[in-house]
Amino acid sequence: MDIISNINFENLSENSTFRIRKAKLYDAYIMTTRFIILTLAVLAIWITIFGQIVPQKDPNYDENNVPKFDLPDPLTTFSGKKIKNSSEWIEERRPELLTFFSENVYGKVPCKIPIYQWKVVEQSGNALDGKACRKQVDLIFKKDNHTLRFNILMYLPNEAEKVPVFLGYNFYGNHTITNDTNILISDAWTRNDKSLGIDNHRLTEDSRGVRANRWPVEKIIDSGYGLATIFYCEVDPDRDDFSDGIHPFCYIEGQQCPASDEWGSISAWAWGLSRAMDYFEQDKDVDASKVIVFGHSRLGKTALWAGAQDERFSAVISNNSGCGGAALSKRRFGETIARINAAFPHWFCKNFRKYNDNEVALPVDQHELIALIAPRPVYVASAEKDLWADPRGEFLTAYFATPVYELFGKDGIPTQEMPPVNQPIHNTVAYHIRTGEHDVTDFDWEQYIKWADKQLLKK
Ligand code: GTR
């Protein structure tokens, strides 16, 4: 460019004019080539990150704009065979669905990592004014040069011997769930939330008890249940980094992140819940045949995936779990697969990106995840204002999982009509939509306790 602009055009012969024209053409050619290469590079980066060519428009919150879709029948195998009874479900359909979710949605756990050792690091028989026993138990894992530790905080009612337990992850550390000053503060990486007093990705005294509103410990204890909770970032920090947490334990030489069909973070967190279950089987104060796995939002997705895989969980609760949890993906209402994979690239396995803005190609949907829990009780809960999580889509997964429960003679959701707000259905497949926002409230817990009483304790 510079060479051409410095030439005095008036003194040029025809020959030189021709050469200049050639040079200009050549220059244009270089520019166009550069532009094409740059565009292709940007496109390649875009596709690698987001797995899609056309970015999504605004999220859809209008029922009239839900696309028409064919929902896969949980009772027809991928090869077209109709499932007629519970043994065909258990032997044929359940395993193929489990494999599909494992390799294409959440990612499979590539190696076995048993508990190396567990240690009660703190215990008191006199918690909650003598009502409960408190235990803080470290589970320790070791493999090659890797070590990981996560802590289970437990409150167990003193009056009973072996108690049923609600098990669920918390978002910001065990010390946030009550004001109890004996609870140890985790030193694991955390997401920041200045409104909760959490900064610099570290937990401190400032956040003690800040999430007590979501964990009615006393109500749970008074109802005869224990509560066990774990800070999820101790199992795998919730960030797009596969060099930390439990993932490296399974890497083969030179591997730096999970393969396309291997575990994302949700799968890693679900793995942690199963290790907690391994521990409960050793703890004489816990009735391991009555452990109810619970989770809110991303941790609700986790509870569902843990409950689907590990049949030792006797019941499963999904609180506002939304996309990739209880909501039907094919409805594309609120959060979609493309959006969740873009915002949280580490949650699912890489294979799941094939379905970004391409839900039609997905041979399963989330009602089949719920069906994998059958015949064990499952509770799906929504909140009226939590449109991002698609309350109707959450309700419909419960409804469309029902035929599988019926194979076992269990009662599910009887009609496609959603119940009015705050009027729960407490069948084996349970559902409620409550007033309010994306959250865990006392109303939610009251329902979970009532339903667990009915389903597990036959009260
Ligand atoms: C949102 C995410 C949801 C849900 C939620 C949460 O940002 O889009 O899928 O998981 O976070 O976990 O609080």
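Numbering of ligands and ligand atoms starts at 1, following listing order.
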Would you mind checking which non-hydrogen protein atom is closest to [atom], with the distance to 0.1 Å?
atom	answer
atom 9 (O) of ligand 1	E335 OE1, 2.6 Å
atom 7 (O) of ligand 1	F344 CZ, 3.5 Å
atom 11 (O) of ligand 1	R298 NH2, 3.0 Å

Worksheet item: Are any of the side-chain nitrogens in R239 or D244 under 4.0 Å away from the carboxylate oxygens of its partner?
Response: yes
Worksheet item: Are R312 and D278 close enough for a salt bridge, meaning some N to O gap below 4.0 Å?
Response: yes
Worksheet item: Which bit of I340 gets closer than 4.0 Å to ligand 1, counting heavy atoms only: side chain, backbone, both or neither?
Response: side chain
Worksheet item: For the residue pair F166 and Y225, is the inter-centroid distance of their aromatic rings smaller than 6.0 Å?
Response: yes
Practice prompt. Verify whether the ring centers belonging to W271 and F141 lie closer than 6.0 Å.
Written response: yes
Discussion item. Just verifying a value: how many Å separate S318 OG and N320 CG, rounded to the nearest 0.5 Å?
Written reply: 7.5 Å
Response to the item:
OH (Y431) and CD (Q423) are apart, to the nearest 0.5 Å, by 12.5 Å
Check each atom of ligand 1 against the heavy atoms of [X] and keep those under 4.0 Å away; list them by number with element.
X	answer
S297	4 (C), 5 (C), 6 (C), 10 (O), 12 (O), 13 (O)
W347	9 (O), 10 (O)
H438	13 (O)

Discussion item. What I want to know is whether H296 and ligand 1 share at least one N or O pair that is separated by under 3.5 angstrom.
Written reply: no
Item to complete: Give a yes/no verdict on whether any heavy atom in R339 is under 4.0 Å from an atom of ligand 1.
Response: no
Worksheet item: With a 4.5 Å limit on heavy-atom distance, are the side chains of T302 and Y232 in contact?
Response: no
